[in-house]
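Nothing here was measured: the structure is a model prediction, and the numbers come from that model.
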Amino acid sequence: ETGVTQTPRHLVMGMTNKKSLKCEQHLGHNAMYWYKQSAKKPLELMFVYNFKEQTENNSVPSRFSPECPNSSHLFLHLHTLQPEDSALYLCASSQDPAVSGNTIYFGEGSWLTVV
Amino acid sequence: AQSVTQLGSHVSVSEGALVLLRCNYSSSVPPYLFWYVQYPNQGLQLLLKYTSAATLVKGINGFEAEFKKSETSFHLTKPSAHMSDAAEYFCAVSDQGALTFGSGTRLQVQP
């Protein structure tokens with residue numbers, strides 16, 4: 001149990017579907033993150049939210065739409081994805097990204113397959 | 001921008017042997033460095049973290065890492081490998097709050 005819970009753990013979707021990934025953190029943190037982990041590529045930061053406000057969008061295509069209704073919940077809405085978007089999507093949280101050396105805690109990830 | 005480079009995408013050791021996983025960093029300011037481990041079908045778990053308090057950092061599961069400024073390195077070691085150490089290991093540097101990761105090193109432990 002990491003304190004960061006992601007659902008679903010596995011998702012298969014067609015290219016015309018709309019689906020969402022959900023993340024919840026029970027650590028009392030103020031910041032939440034989405035990372036993408038693809039085969040043979042380093043982990044890529046997608047989005048950062050601090051106190052519910054998006055502070056970073058790392059040039060992510062608009063077919064990925066994040067939502068952060070409060071500091072404990074983070075969603076990633078998926079629409080008209082491509083097969084190359086198949087990857088492990090990792091949610092994470094931390095106390096305060098403005099603090100140097102702030103430690104980030106990860107969930108177990110959601111495996112996404114786009115067919 | 002800060003970055004880390006992990007040398008060797010795969011490392012294989014025998015059970016009981018020394019584990020050495022290499023990480024070099026590039027940073028214009030004193031870095032905050034991390035090692036994470038990822039077991040199959042799981043997320044990333046923090047092994048240890050360097051925050052400038054001490055150059056030798058001890059982590060979980062018997063791992064430790066030494067910060068060497070002169071070599072811009074933060075290599076991860078464990079004196080004696082166990083089968084359960086088989087996993088992928090990621091070095092990371094704190095970059096304006098978020099983490100920038102290396103490409104990972106997959107550790108295999110042979111019986």
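Chosen from A98(B), P31(B), S9(B), the residue pairing most often with chain A at heavy-atom distances under 4.5 Å is A98(B).
For F101(B), the parts lying under 4.5 angstrom from a heavy atom of chain A are both the backbone and the side chain. If you measure heavy-atom distances from F90(B) to chain A, the contacts under 4.5 Å come from the side chain alone. The part of Q38(B) that comes within reach of chain A is its side chain, from C-beta onward, which places non-hydrogen atoms under 4.5 angstrom from that chain. For I104(A), the parts lying near chain B are the backbone and the side chain together; criterion is any non-hydrogen pair under 4.5 Å. Looking at L46(B), the atoms closer than 4.5 Å to chain A (heavy atoms on both sides) all sit in the side chain, from C-beta outward. Of the atoms belonging to Q37(A), it is side-chain heavy atoms, and not backbone ones, that fall under 4.5 Å from chain B. For a residue to count as touching a neighbouring chain, one of its non-hydrogen atoms must lie under 4.5 Å from one of that chain's; by this rule T103(A) touches chain B with backbone and side chain alike.
Hydrophobic clustering (ILVMFWY, side-chain heavy atoms < 4.5 Å, transitive): F64(A) and Y49(A) are in one cluster. Both Y50(B) and L21(B) are members of a single hydrophobic cluster when ILVMFWY side chains are connected at heavy-atom separations under 4.5 Å. Cluster membership check: V57(B) does not share its hydrophobic cluster with F34(B), using side-chain heavy-atom separations under 4.5 Å among Ile, Leu, Val, Met, Phe, Trp and Tyr. Follow the hydrophobic side-chain contacts under 4.5 Å out from L43(A) and you never reach V4(A); the two are in separate clusters. In the hydrophobic clustering of this structure, V11(B) groups with F74(B); members are Ile, Leu, Val, Met, Phe, Trp, Tyr whose side-chain heavy atoms approach within less than 4.5 Å, directly or through other members.
In this structure, L45(A) CG and L99(B) CG are separated by 9.0 Å, a value rounded to the nearest 0.5 Å. In this structure, CG in N102(A) is found 7.0 Å from NZ in K49(B), a value given to the nearest 0.5 Å. Note that the CZ atom of R9(A) and the CD atom of Q42(B) stand 7.5 Å from one another [nearest 0.5 Å].
Under the 4.5 Å side-chain criterion, counting only non-hydrogen atoms from C-beta, L44(B) is not in contact with Y35(A).
Within residues 102-111 of chain B, the residues approaching chain A closer than 4.5 Å by heavy atoms are, in numerical order, G102(B), S103(B).
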